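Note that the coordinates shown come from a computational prediction; the quantities given were computed from them, not determined experimentally.
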Amino acid sequence: MQTRDVHGGVHIHQHPATSSLVIPHQLPGSVRHFVNRSRELARLTTLLAGRDAEPHAARVAVITGTAGVGKTSLALHWAHIFRSHFPGGELYASLHGYAAPAPTPPEVVLGRFLEDLGVPTAQVPVAPERRESLFRSLLADRRMLIILDNAVDSTQVRPLLPGTSRSLALVTSRDDLTSLVTQQDAVRVRVATLPASDAVELLRVTTVDDRPGDRVADLRELALMCSGLPLALRIAAERAAGWPALPLGELVDELRDETARLSVLTADPEYGTQQEVDAVRSVFEWSYRALPEEAARLFRLLALHPGNEFGLPLAASLAGREPSRVRALLEILVRAHLLRRRPGGRYEFHDLTKAYAGERTRREESEGERSAVVERCAAWYLHTVDAAQRSIAPHDSWPMDDRVPAPNGTLHFAGYQDASQWYQAEATNLVDCTRAAADAGLPATAWRLAVAARAIHMHQNTFDAWRTTALVAVDAARTAGEEDGEAEALESLGKVAFQAMRLDEAEECHRAALAIRRRVGDRRGMAVSINALGLLGLRRRQLAEARAHFTEALGLFRELGDRRWSTLLRSNLAEALCELGRGEEAVALIEPALTDFRELGDHAGEGNALWLLSWAHREAGDPGRAASAIAEALALAEARDNQLWRGHWLAESSRVELARGNAAAALRQSRESAEVQRHLGDAAREAVALDGAGRACQVLGRYDDAVELHRRAVAGFRAVDARWQLAHALAHLADSLDGCGEGVAALAAREEAAGILGRAPDPDVG
């Protein structure tokens, strides 16, 4: 695929990792005994016609209606009928638009969709707009069905829509999503409560196997009391089917008594009319009172989980029972339509049943018991995420203390893959649980949970979750009065800011963490913070300051006998020497560091040392050795299927090839690096790769292409405020402009570059 603003045959190719054919089939099961809705089904089916009439317009259906009216059932029923029309597969996401604690952000859903479409986790872009762009690129040539369930508003939905008419999106919401109709030309399908005849038919077909002799009059009365809402009708039907020997009239009298006994709720437009609210609540109560006590209590306890979806291990821990017994109880709740079964052995509440469960919990569980369950839930996540971090990022994991005891049922993982899968399923719950722990008066648990997840966020590229939990952790640690926790949380926040190029914010956080660590005498923490300040110096091209910080931190780690951190600091010092062009000195530091990383089994450190070794040999005038080193690094990236590494190290390999006189190979590798970085959302490194591609084009005499590439690099460096890199890209642009005979423009670019370099804070920079 040729980029829009590059001319003359310079193509940016998609890496195979993002184009491998993955066909997801994510449709949840359709409901049994679907009744009528023929008009609504026909309205949806019209979207299958005229697909090619407007190929650049997305096809969207908005299915709206009150809570419990059957919007999701309609969408899934239609989807299962017509799934053969979508050979590219189906994607499904519950957006939790009306569920506590908050709707799912679209960028989170996009991240999951990209992984489901075959994009490696490490290659999912950080920036939301880049996730959106990549998602639409992957869907452009596919015919897919996307179901977006329970949306809160159009803003949540819009980034998740396909970009062409080949695919179709079905959106369910209580909101009318008017802007999707007016701006995206979405087809709106309103779902009303079932008419009496259809409501009776739904009750009849659902109960006929267990209660074939029920009178139509009794079925009609029961349907009337359910106000025509399919959710209430299905729950009532299950209740009736569970008592086949009891005349339906007596069950109707029970429900009538239940309705009269309940206090009338205030009508809420979010949940429907007063009659609909009362009907749903009455049926919930009626069904709930028929549950075995063990199942009813589990229902109440699960309401204290901060999210809507959970797995069996968490449920077993909250209940304090064996998983086999809890699985049986969960199935009782599923059969009663109070829970829904999800793929992967997981379960979820309908948001109406979650609200009702919370009400029962507040009524029937003491405040002390509720607090104990919330504490047990937070502790379960804390100790499970600790086990996950040690499998996912053993060299970067935070050593957790024993302040918060581990509850029964905490998970342990066989290796990286198991831990990563657990994290993907629980990522949203981890954020919600961190907030919930802080809100529930458990600040010591909240900050530890955020810090324990830090290494996972860093390795999984989940910067939104990382920043959100780090902010919670800072306040929680201060509330807990634990200065070591505050320093750890500030370190997390500083690292996130560093990744986002908010360097002033990063410095503020790291200096605040360092001040705390000096005050409490945490020498290891001091060394970590000082190293972070050194990395800031590198990013800002304050090389003398960076070297001073690295040297100080190295001394502390040597005193502490920390071999890995000492090795990391020697690598950082070598990077500063490479920036200064002192390649031979850098080689002397890197070669023993490389040996140490290999003995430690630290693959990330090993690859980084090989990258630095290539750079150092290149600066020392030995491109042959540089080529050997960077080839080893790239082989390591390939073996680990790590696109973060591959994209970064390809840019160095391009520089090596240029130094060896292989400009064509350099151009190929630079454009591959640029494509990977674009998908990752790293604008700074994408600009580096584009600048390298421009330099290769210069050598090849393709000055028009070089000008366009350097201009893109300049724009990228401006966007992230990377001034030193901007100056050099401007100088390279000037050279290319000279080649095109545009002397005036070249002079302007050189003058801007000279002005930036003249303000460089380090005398060695040039």
Side-chain angles (χ1 to χ4, degrees), residues 1-16 581 611 614-615 618-619 621 623-624 626-627 630-631 634 643 646-680 682-720 722-754 756-757:
M1 177 181 68
Q2 184 168 329
T3 55
R4 292 172 53 194
D5 52 350
V6 180
H7 307 290
V10 179
H11 299 271
I12 304 296
H13 294 286
Q14 184 169 306
H15 184 257
W611 166 70
S614 173
W615 186 357
R618 183 167 50 80
E619 291 290 344
I630 200 62
L634 286 168
Q643 297 303 307
R646 181 175 179 272
H648 186 32
W649 298 337
L650 272 170
E652 168 59 20
S653 185
S654 172
R655 289 187 284 269
V656 171
E657 290 304 316
L658 202 59
R660 299 174 76 191
N662 300 327
L667 176 59
R668 184 186 72 252
Q669 292 181 340
S670 285
R671 67 195 187 195
E672 288 181 13
S673 175
E675 185 67 13
V676 172
Q677 299 299 355
R678 183 176 68 82
H679 287 164
L680 290 172
D682 193 325
R685 285 183 174 172
E686 181 184 356
V688 168
L690 291 169
D691 194 47
R695 296 186 70 189
C697 282
Q698 283 184 40
V699 174
L700 292 168
R702 296 163 56 175
Y703 293 108
D704 288 341
D705 289 338
V707 166
E708 292 300 320
L709 288 162
H710 287 311
R711 280 179 171 157
R712 292 175 63 194
V714 165
F717 289 132
R718 284 194 204 282
V720 297
R723 292 194 303 146
W724 186 87
Q725 293 92 334
L726 172 61
H728 282 268
L730 285 165
H732 299 151
L733 174 61
D735 292 340
S736 298
L737 288 166
D738 279 336
C740 293
E742 299 182 34
V744 175
L747 179 60
R750 282 198 179 90
E751 287 178 347
E752 184 180 357
I756 294 170
L757 291 176

task: Can you measure from CD1 (I756) to CG (L730) and round to the nearest 0.5 angstrom?
output: 5.5 Å

- request: Could you tell me which non-hydrogen atom of S673 sits nearest to which non-hydrogen atom of A689, and how far apart they are?
  value: OG-CB, 3.5 Å

field: All pairs passing salt bridge (charged side-chain N to carboxylate O under 4.0 Å, His left out) where residues 731-741 contributes a residue, at least two apart
entry: D735-R750, D738-R750

field: For H732, all residues meeting side chain to side chain contact (heavy atoms under 4.5 Å, CB included), sequence neighbours excluded
entry: D691, R695, Q698, H710, H728

Which atom of A674 lies closest to which atom of L690, heavy atoms considered: CB-CD2, 4.0 Å

task: Please round to the nearest 0.5 Å and tell me the distance separating atom SG of C740 and atom CZ of R702.
output: 12.5 Å

message: Determine whether V688 and F717 satisfy the following criterion, side chain to side chain contact (heavy atoms under 4.5 Å, CB included), listing intermediate values before the conclusion.
response: CA-CA 8 Å; V688 168; F717 289 132; 3.8 Å; yes

field: Least distance between heavy atoms, G692 atom then S670 atom
entry: C-OG, 3.5 Å

CD on Q643 to CD on Q677, rounded to 0.5 Å: 10.0 Å

query: When L650 is tested against each of E672, R668, R655 for side chain to side chain contact (heavy atoms under 4.5 Å, CB included), which residue passes?
result: E672

- prompt: If you look at every heavy atom in A663 and A696, which pair is closest and at what distance?
  reply: O-CB, 3.7 Å

- prompt: If you round to the nearest 0.5 Å, how far is CG of L709 from CG of D704?
  reply: 11.0 Å

Heavy-atom check, side chain of R711 versus side chain of L737, under 4.5 Å: yes

Nearest-0.5 Å distance that lies between atom CZ in R671 and atom CG in L667: 5.0 Å

- prompt: Does any N or O in the side chain of Q669 come within less than 3.5 Å of the main-chain N or O of S654, such that one atom is a donor and the other an acceptor?
  reply: yes

- request: Not counting sequence neighbours, which residues clear side chain to side chain contact (heavy atoms under 4.5 Å, CB included) with A626? List them please.
  value: S614, H617, R618, V656

